[in-house]
*Asks:* 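Got a structure for you, questions after.
For ligands, and for the atoms within them, numbers begin at 1 and follow the listed sequence.
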Amino acid sequence: MSATQRFRIAAIPADGVGREVVAAGREVLDALAAGSGGAFAFDWQEFGWGCEYYARTGRMMAEDGLTVLREFDAIYFGAVGWPGVPDHISLWGLRLAICQNFDQWANVRPVRFLPGVRSPLRKADDTELDWVVVRENSEGEYAGLGGRNLSARSPGSEVAVQSALFTEAGCERIMRFAFDLARTRTRRKVSSVTKSNAQQYGMVLWDDVFRRVARDYPDVETESVLVDAMSAKFVLRPEDLSVVVASNLYADILSDLGSALAGSLGLAASANLNPERRFPSMFEPVHGSAPDIAGQGLANPIGAVGSAALMLDHLGLPEQAARLSTAIEATTAAGILTRDLGGAASTDDVTKALIDALNP
Ligand SMILES: NC(=O)c1ccc[n+]([C@@H]2O[C@H](COP(=O)([O-])OP(=O)(O)OC[C@H]3O[C@@H](n4cnc5c(N)ncnc54)[C@H](O)[C@@H]3O)[C@@H](O)[C@H]2O)c1
């Protein structure tokens with residue numbers, strides 16, 4: 001039977017465990033497609049960009065990389081960064097180059113507590129916890145504005161400026177996204193995070209826009225919380241969270257805290273969305289390239305597989321996304337866990353268990 005729907009996916013495993021978890025995610029997605037009776041299939045093209053490519057060519061991706069990627073339905077990304085290449089070079093040369101040029105302005109990072117996974121939070125044992133961090137992904141502290149060595153008067157006197165950019169349009173679109181997302185959830189609530197007591201320009205603009213946008217969503221509860229207080233709230237009152245919207249930097253940090261609270265950084269999934277679909281969106285685990293465990297078969301593939309589920313949702317296959325999420329739950333509930341979760345299973349063991357769980 002020929003496939004009725006074919007999706008062109010660009011795979012960019014990049015560095016370290018990125019390669020292991022993208023390979024695992026592809027295997028799981030291909031198994032899902034193989035079991036669909038020809039309803040859908042994935043046409044993969046893999047790009048060997050990353051730090052090794054940089055060592056050979058002086059570039060993190062091909063010169064025409066963005067033009068090539070534009071033709072795909074989605075991008076499935078691993079992680080970038082490797083010792084020997086400065087992190088700001090590798091991040092800006094690949095991941096941020098894609099996110100920013102493809103205007104993937106909404107970064108969605110669900111915090112999921114899985115059965116069979118012990119959270120460091122005692123509260124998680126008897127409380128239903130589930131929230132989503134929505135990260136502004138196009139400006140803020142990662143706008144890349146500033147300069148270095150502006151007036152180096154002598155050795156030891158260097159000056160650097162790193163500015164954050166907040167635009168009313170940028171704030172408004174991410175907030176509307178967060179409110180619309182809250183309307184799809186059991187608890188209709190958006191928590192906005194800033195540090196507007198200390199950052200009196202950009203973050204006060206953020207707060208003003210939040211209040212204005214909130215008026216269009218009277219059915220959604222709101223709160224504005226300073227980032228230091230929100231860090232404490234993640235730990236002490238997480239049951240009070242549903243959608244958390246924050247700037248590029250704050251949401252980046254808070255989502256790592258969220259995934260650690262859920263049990264491991266290796267579990268966290270994310271979607272970098274261009275909601276208008278003018279460009280392909282990119283799906284990637286939250287974690288980095290983990291050089292400390294790379295190449296040993298220890299990487300937890302669940303963050304990457306969860307990201308594949310977000311990709312399926314975006315491609316219009318929500319039932320398949322739900323199947324993948326159920327397979328993840330069945331696998332962790334069965335105690336098939338990698339070392340970061342206290343288990344002894346390898347990346348391959350978990351991948352196989354996920355595939356088996358797709359067709360119980
Ligand atoms: N999106 C990205 O591509 C991204 C994100 C963060 C960091 N980085 C890069 O990754 C490199 C390493 O950064 P880091 O050490 O700060 O963060 P990291 O996320 O790579 O690792 C932090 C810790 O989490 C563990 N970990 C991460 N992923 C795991 C997985 N799938 N399974 C089990 N354990 C996992 C690691 O072993 C390590 O102990 C740096 O070059 C950094 O710039 C890239």
Side-chain angles (χ1 to χ4, degrees), residues 11-25 28 47 49-55 60-61 75-100 102 104 107-109 112 114 117-118 120 133 135 137 141-142 248-249 251-272 281-308 310 328 331-332 336-351 354:
I12 309 178
D15 302 314
V17 297
R19 299 178 184 187
E20 296 160 64
V21 299
V22 162
V28 175
F47 296 91
W49 301 330
C51 288
E52 264 184 34
Y53 185 87
Y54 180 84
M60 286 298 297
M61 68 193 295
I75 302 164
Y76 191 48
F77 193 86
V80 69
W82 198 250
V85 180
D87 284 343
H88 65 278
I89 301 281
S90 54
L91 197 68
W92 277 98
L94 189 56
R95 185 186 169 277
L96 287 177
I98 297 170
C99 285
Q100 300 206 346
F102 285 173
Q104 294 166 348
N107 184 199
V108 178
R109 295 181 158 193
R112 280 186 74 200
L114 294 165
V117 174
R118 272 201 83 188
V133 177
R135 169 185 180 192
N137 213 29
E141 306 85 346
Y142 293 7
N248 219 328
L249 173 66
D252 196 7
I253 297 169
L254 285 173
S255 52
D256 264 33
L257 175 58
S259 50
L261 294 174
S264 166
L265 201 47
L267 296 172
S270 90
N272 299 284
S281 292
M282 179 159 75
F283 302 84
E284 54 163 355
V286 167
H287 64 75
S289 58
D292 54 335
I293 59 163
Q296 300 172 48
L298 297 173
N300 190 336
I302 287 181
V305 173
S307 307
L310 296 173
I328 290 173
T331 302
T332 58
I336 302 163
L337 305 173
T338 41
R339 198 177 68 176
D340 53 311
L341 297 175
S346 66
T347 311
D348 285 348
D349 296 334
V350 175
T351 307
L354 288 165

*Asks:* List the closest protein heavy-atom neighbour of atom 12 (C) of ligand 1: residue, atom name, distance to the nearest 0.1 Å.
*Replies:* P291 CD, 3.6 Å

*Asks:* I want to check something: taking the side chain as every heavy atom from C-beta on, are W92 and Q100 in contact at a cut-off of under 4.5 Å?
*Replies:* yes

*Asks:* Nearest protein heavy atom to atom 26 (N) of ligand 1, by residue and atom, and its distance?
*Replies:*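 Among all protein heavy atoms, the one nearest atom 26 (N) of ligand 1 is A290 CB, 4.0 Å.
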
*Asks:* Tell me the closest heavy-atom pair linking L341 and V117, and the distance in Å.
*Replies:* CD2-CG1, 3.7 Å

*Asks:* Within a distance under 4.0 Å of any heavy atom of G288, pick out the atoms of ligand 1 and give their elements.
*Replies:* 4 (C), 5 (C), 6 (C), 7 (C), 8 (N), 10 (O), 18 (P), 19 (O), 20 (O), 44 (C)

*Asks:* Please report which non-hydrogen protein atom sits nearest to atom 38 (C) of ligand 1, along with the residue it belongs to and the distance in Å to one decimal place.
*Replies:*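 Ranking protein heavy atoms by distance from atom 38 (C) of ligand 1, first comes D292 OD2, 3.5 Å.
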
*Asks:* Is a side-chain donor or acceptor of N107 paired with a backbone partner of N137 at a separation under 3.5 angstrom?
*Replies:*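 No; judged by distance alone, with no hydrogens or angles, the pair does not exist.
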
*Asks:* Tell me whether E52 at atom CD has more than 12 heavy atoms from other residues, nucleotides or ligands lying less than 6.0 Å away.
*Replies:* no

*Asks:* In terms of atom number and element, which parts of ligand 1 are under 4.0 angstrom from non-hydrogen atoms of E284?
*Replies:*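 This gives 1 (N) as the contact atoms.
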
*Asks:* Give the numbers and elements of all ligand 1 atoms closer than 4.0 Å to a heavy atom of A79.
*Replies:*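 That gives atoms 3 (O) of ligand 1.
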
*Asks:* Are any side-chain N or O atoms of S289 and backbone N or O atoms of G81, one a donor and one an acceptor, separated by less than 3.5 Å?
*Replies:*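 Looks like yes, one N/O pair under 3.5 Å.
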
*Asks:* Under 4.0 Å from a heavy atom of V286: give me the atoms of ligand 1 that qualify, with their elements.
*Replies:*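 In order of number, 5 (C).
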
*Asks:* Could you list the atoms of ligand 1 found under 4.0 angstrom from a heavy atom of G81?
*Replies:*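 Result: 41 (O).
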
*Asks:* Taking all non-hydrogen atoms of both residues into account, name the closest pair between V22 and A11 and its distance.
*Replies:*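 Taking V22 first and A11 second, the nearest heavy atoms are CG1-CB, 4.3 Å.
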
*Asks:* Starting from atom 34 (N) of ligand 1, find the nearest protein heavy-atom neighbour and note its residue, name and distance.
*Replies:*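 Nearest protein contact, heavy atoms only, for atom 34 (N) of ligand 1 is I293 CD1, 3.6 Å.
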
*Asks:* Examine distances only and state if a side-chain atom of D15 and a backbone atom of C51 form a donor-acceptor pair shorter than 3.5 Å.
*Replies:*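 Such a contact is found between D15 side chain and C51 backbone.
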
*Asks:* Considering only protein heavy atoms, which is closest to atom 22 (C) of ligand 1, and at what distance to one decimal place?
*Replies:* L265 CD2, 3.8 Å

*Asks:* For atom 44 (C) of ligand 1, what's the nearest protein heavy-atom neighbour? Residue, atom name and distance, please.
*Replies:* V80 O, 3.0 Å

*Asks:* Could you check whether any side-chain N or O of Y53 sits under 3.5 Å from a backbone N or O of A14, counting only pairs where one atom can act as donor and the other as acceptor?
*Replies:*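 No.
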
*Asks:* What residue and atom, counting heavy atoms only, is the protein's closest point to atom 10 (O) of ligand 1, and at what distance?
*Replies:* S289 N, 3.1 Å

*Asks:* To check you understand the geometry: which heavy-atom pair defines the closest contact between L267 and A262, and what is its length?
*Replies:* CD1-O, 3.6 Å

*Asks:* Considering all protein heavy atoms, does one lie under 4.0 Å from atom 16 (O) of ligand 1?
*Replies:* no

*Asks:* For atom 30 (C) of ligand 1, what's the nearest protein heavy-atom neighbour? Residue, atom name and distance, please.
*Replies:*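 Residue, atom and distance for the closest contact: N300 N, 3.6 Å.
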
*Asks:* Under 4.0 Å from any heavy atom of A299, which atoms of ligand 1 are there?
*Replies:*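 Listed by number with element, the hits are 32 (N).
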
*Asks:* Is there a heavy atom of I302 sitting under 4.0 angstrom from any atom of ligand 1?
*Replies:*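 False for this residue.
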
*Asks:* On a heavy-atom basis, which atom in P285 and which in S307 lie closest, and how many Å separate them?
*Replies:* N-OG, 3.3 Å

*Asks:* Step by step, would you call S346 with D348 a side chain to side chain donor-acceptor pair (under 3.5 Å)?
*Replies:* CA-CA 5 Å; S346 66; D348 285 348; 5.2 Å; no

*Asks:* Counting heavy atoms only, which part of D15 comes closer than 4.0 Å to ligand 1: side chain, backbone, both or neither?
*Replies:* neither

*Asks:* Which atoms from ligand 1 have a heavy atom of D340 less than 4.0 Å away?
*Replies:*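 Atoms satisfying the 4.0 Å criterion: 33 (C), 34 (N).
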
